[in-house]
Amino acid sequence: MIEQVADPLPQQGYAKVVLELEVNNHPGVMSHICNLFARRAFNVEGILCMPVADGRRSRIWLLVFEDQRLEQMMRQVEKLEDVLAVRPHGAGHEVFERLEDFFH
Amino acid sequence: MEKMTGAQLIVRLLERQGVRTIAGIPGGAILPLYDALSGSTIIRHVLARHEQGAGFMAQGMARVSGRPEVCFASSGPGATNLVTAIADARLDSIPLVAITGQVPLSMIGTDAFQEVDIYGMTVPITKHNFLVRSAQELLEVIPAAFRIAMSGRPGPVLVDVPKDVQSQLIEVAELPPPAEPEALPPLDQGLLAQAAQMINEAEQPVLYLGGGVVHSGAAALAVTLAEQASMPTTMTLMALGTMPMDHPLSIGMLGMHGARYTNFVLEEADLVVCVGARFDDRAVGKAAQFCPKAKIVHIDVDRSELHKVKNAHVAIHADVTVALEALLPQVKVTLRKRWLSHVDSLKSRFPLQLPGQDDPRTHYGLIHAVAAALDDEAVVTTDVGQHQMWVAQAYPFRRARQWFTSGGLGTMGFGMPAAMGAAMAEPDRTVVCFSGDGSLMMNIQELATLAEEGLNVKIVLMNNNSLGLVYQQQNLFYGKRVFASKYRGAPDFVRIAEGFGIKALDLDGESDPRAALAQALNTPGPCLIHASIDREQFVYPMVPPGAANTEMIGG
């Protein structure tokens, strides 16, 4: 669904960051969010999404590189109609660490 | 309890929202909605000849009124034809609600006849979009579409409605109230006080106004701020008219085709107060070298614009009107004699040059002759290209919402349908569309709609039988290798207009072009005014793409 529209910038030198998004739960929300990251050549390293609050909302966990554009990127994500909140966490957040077991 | 179809519900909600004119084209998947619209005694439908034309008509209405306006298109090609007009609205922050028909729910995703995923396609070019899955949802979605389109920084919203949802019967207990804009962001008084202090302490400040000033209705406040603090004021393409061009503090449009002195004044500024603008590349040139000596105060209602291109020393997330009203009492009344006289000397040494402005057979002369025949109540639209930049440089704009142009997307074909929309929204005004031969041919089919509606739209066609700005760039930056920018045929635009049923005038054959022009402009109803111009005339000054604004050539 998402085409890469620009070469990813060299992000390897940067620390990773975990973003926690509170979003409305209906079809299309994920494509609004992923489109934004793809357009600005932000590679999403990890993604995890499950419904919360009796299914009307979802929580999305994203693992991305923290480069100097992240702050502006987060502001653009916050602007999306279906995104209710964005919270950044350090890369060491356990949500992806515990998930590692499923990828070995 | 009232029983109605989804389509009837949409029409009722649009009526209650204050929509009075809708431009569009029907087709299979939107026929239930058209059937319901035929029963409305309140909403008038204007039948465009191409959906892009319908989209720009709705934009023209919205640019005049500042309120969200509506266009309709069917599924598949009808919807994809709307895409350019939606993207254009997005880049210029125009409130627009596009409603498209879609194949029935059960057929979505099966490559059904005239099915496209217009929801998926418009994700990146709308402020938000909806695919409606039941008639019940319309009660929330339609008001939400208007609320989103008009709140904060305005923008386009698309609502895709499957045919069976349009036909579905529902019982409605109570209609939701018409949508209102969301509350504005709270103002940070501390930041505002800092901004005021920076203005008060600056020696060489400049005010930089953008389209946000128009959207927020803050033109008068911005002029007051400039006067109170003795700030020379530059405007983006979108903001022309917010300060009258002949105001002593106006230093005109900045950027790629701004006057030399304007860009030099910015170079020397020690403070830039950017209000409702976004440091667009055509305005600021090479961003790193824009206003190198200046601190920056940035006021914008869209938080994601702050610090995006230039880091601001003080960034205020606020509606422009709210911010300026609070700022004005804190800004000292100052007469910056030394700075203003320096600006004046730059202006007299490096003025905007408008050669031929007294000869109506030249491009600048024609623009001046049109302006001289009209008053400030007229609305001016343009297409995109050389004629657009010449009008931006030379037309004496004196009020906000006097001028509409495709700024961000630069869409050729914008001018005429947008002018028609403006004339639909405010039929008492004369609306002039400056166009080029390349641009006019991109939506020339709307001449048929124009003739049918009899709108007071005058098309001033500046014909150089080429894609002039491409021809210019090939001459300046591609070693004069002119390719694919000169037309080999030469259509007879006067006969084309007459063939559509539009009166036409060829200034080339008039012995007194000024008088003929004035008469045509002041006769009610549509008219095409044709004028040949010299292909070898270029838009100057010009900042080469990617260069700093001080590296202008020509002019």
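Atoms considered below: every heavy atom in the structure, side chains included; atoms not considered: hydrogens, waters and symmetry mates. Chain letters run A, B, ... following the sequence lines, proteins first, then strands; residues in each count from 1.
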Atom [atom1] of [X] with >12 non-hydrogen neighbours under 6.0 angstrom:
| X | atom1 | answer |
| --- | --- | --- |
| A:Asp54 | CG | yes |
| A:Arg87 | CZ | yes |
| B:Glu182 | CD | yes |
| B:Glu140 | CD | no |
| A:Lys79 | NZ | yes |

- request: Sort out for me which of A:Met73, A:His32, A:Met74, A:Gln76 touches chain B most, counting heavy-atom pairs under 4.5 Å.
  value: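 Of the candidates given, the most pairs with chain B belong to A:His32.
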Roughly how far, to the nearest 0.5 Å, is the [atom2] atom of [Y] from the [atom1] atom of [X]?
| X | Y | atom1 | atom2 | result |
| --- | --- | --- | --- | --- |
| A:His26 | B:Arg133 | NE2 | CZ | 10.0 Å |
| B:His307 | A:Gln68 | NE2 | CD | 15.0 Å |
| A:Asp82 | B:His128 | CG | NE2 | 4.5 Å |
| B:Ser304 | A:Glu78 | OG | CD | 9.5 Å |

- request: Could you tell me which residues in residues 82-104 of chain B have at least one non-hydrogen atom under 4.5 Å from a non-hydrogen atom of chain A, sorted by residue number?
  value: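 Those residues of residues 82-104 of chain B which would need a heavy atom under 4.5 Å from chain A do not exist here.
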Residues B:Lys308, A:Glu71: salt bridge by 4.0 Å N-O rule: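 A:Glu71 and B:Lys308: not salt-bridged.
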query: Is chain A contacted by the side chain of B:Asp302, its backbone, both, or neither, given a heavy-atom distance below 4.5 Å?
result: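 Looking at B:Asp302, just its side chain touches chain A.
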query: Can you say whether B:Tyr119 sits under 4.5 Å from chain A via the side chain, the backbone, both, or neither, judging by heavy atoms?
result: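 The answer is the side chain of B:Tyr119.
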field: Max heavy-atom pair count under 4.5 Å with chain A, selected residue of B:Leu131, B:Asp117, B:Asn129
entry: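 The option with the most such pairs is B:Asn129.
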message: Any non-hydrogen side-chain atom of B:Leu306 less than 4.5 Å from a side-chain atom of A:Arg75?
response: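 A side-chain contact under 4.5 Å exists here.
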